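Here the structure is laid out as structure tokens; the discussion comes afterwards.
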Amino acid sequence: MIELDPSINVLGDALEPCGTQPMTGFLRDGYCNTCDEDAGSHTVCVELTNEFLEFSKSAGNDLSTPRPEWGFPGLKEGSSWCLCAERWKEANASGHAPRVFLTRTHKKALDVIPLTDLITHAVDLN
């Protein structure tokens, strides 16, 4: 049985759902929940852009091409997706980071990314 880390976002509140069209998250539950089995830390909820999708593809992680054999429809600009924290950090360092939903990003992302970097790219700050 998988034991989840507490579902808390980077702001210290309850984690909100990231996306269901397509279903995202390491556990494919729509949330950026995580656990010990999630070696990639799929904890950063982002709003995908074509620029980021091209960057990710060039870095060896093609998220835009459908893979029906895996039940993966391919992602497109505007989709919400639980991204690996290291991939977001890498994209940020190269100027290609997608915007972030703080209320939907798991606090475990802070093990990899400083909160100030996430806030700089926040979609949902008032």
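Predicted model only: the values in this text are computed from it and were never measured.
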N/O donor-acceptor pair under 3.5 Å between [X] side chain and [Y] backbone:
| X | Y | answer |
| --- | --- | --- |
| S56 | E54 | no |
| T20 | M23 | no |
| N9 | L15 | no |

Say you draw a straight line from [atom1] of [X] to [atom2] of [Y]; how long is it, rounded to the nearest 0.5 Å?
| X | Y | atom1 | atom2 | value |
| --- | --- | --- | --- | --- |
| L11 | L102 | CG | CG | 5.0 Å |
| I113 | K89 | CD1 | NZ | 8.0 Å |
| K57 | N50 | NZ | CG | 11.0 Å |
| L75 | L63 | CG | CG | 5.5 Å |

Distance-only donor-acceptor check, side chains E77 and T49, under 3.5 Å: no
Same cluster (ILVMFWY, side-chain, under 4.5 Å), V44 and F55: yes
All side-chain contact (heavy atoms from CB on, under 4.5 Å) counterparts of E37, not counting sequence neighbours: I2, F26, C35
Residues that D29 engages under side-chain contact (heavy atoms from CB on, under 4.5 Å), provided they are two or more places apart: L27, Y31, N33
Worked check of side chain to side chain contact (heavy atoms under 4.5 Å, CB included) between V46 and W88: CA-CA 9 Å; V46 300; W88 189 91; 3.8 Å; yes
Residue pairs passing the salt bridge (charged side-chain N to carboxylate O under 4.0 Å, His left out) test where at least one lies in residues 102-113, sequence neighbours excluded: D5-K108, K108-D111
Results of side chain to side chain donor-acceptor pair (under 3.5 Å) for T34 - residues two or more places apart only: D38
Using a 3.5 Å cut-off and no angle test, enumerate the donor-acceptor pairs between side-chain atoms of residues 79-87 and protein atoms at least two apart in sequence or in another chain.
| unit_1 | atom_1 | unit_2 | atom_2 | d |
| --- | --- | --- | --- | --- |
| S79 | OG | K76 | O | 3.0 |
| R87 | NH1 | E90 | OE1 | 2.9 |

Where A109 and T105 come nearest, the two heavy atoms and their spacing: CB-CG2, 3.8 Å
Distance-only donor-acceptor pairs under 3.5 Å for side chains of residues 114-123, two or more places apart:
| unit_1 | atom_1 | unit_2 | atom_2 | d |
| --- | --- | --- | --- | --- |
| T120 | OG1 | T116 | O | 2.8 |
| H121 | ND1 | D117 | O | 3.1 |
| H121 | NE2 | N92 | OD1 | 3.4 |

Flag side-chain contact, heavy atom, 4.5 Å: D13 against I8: no
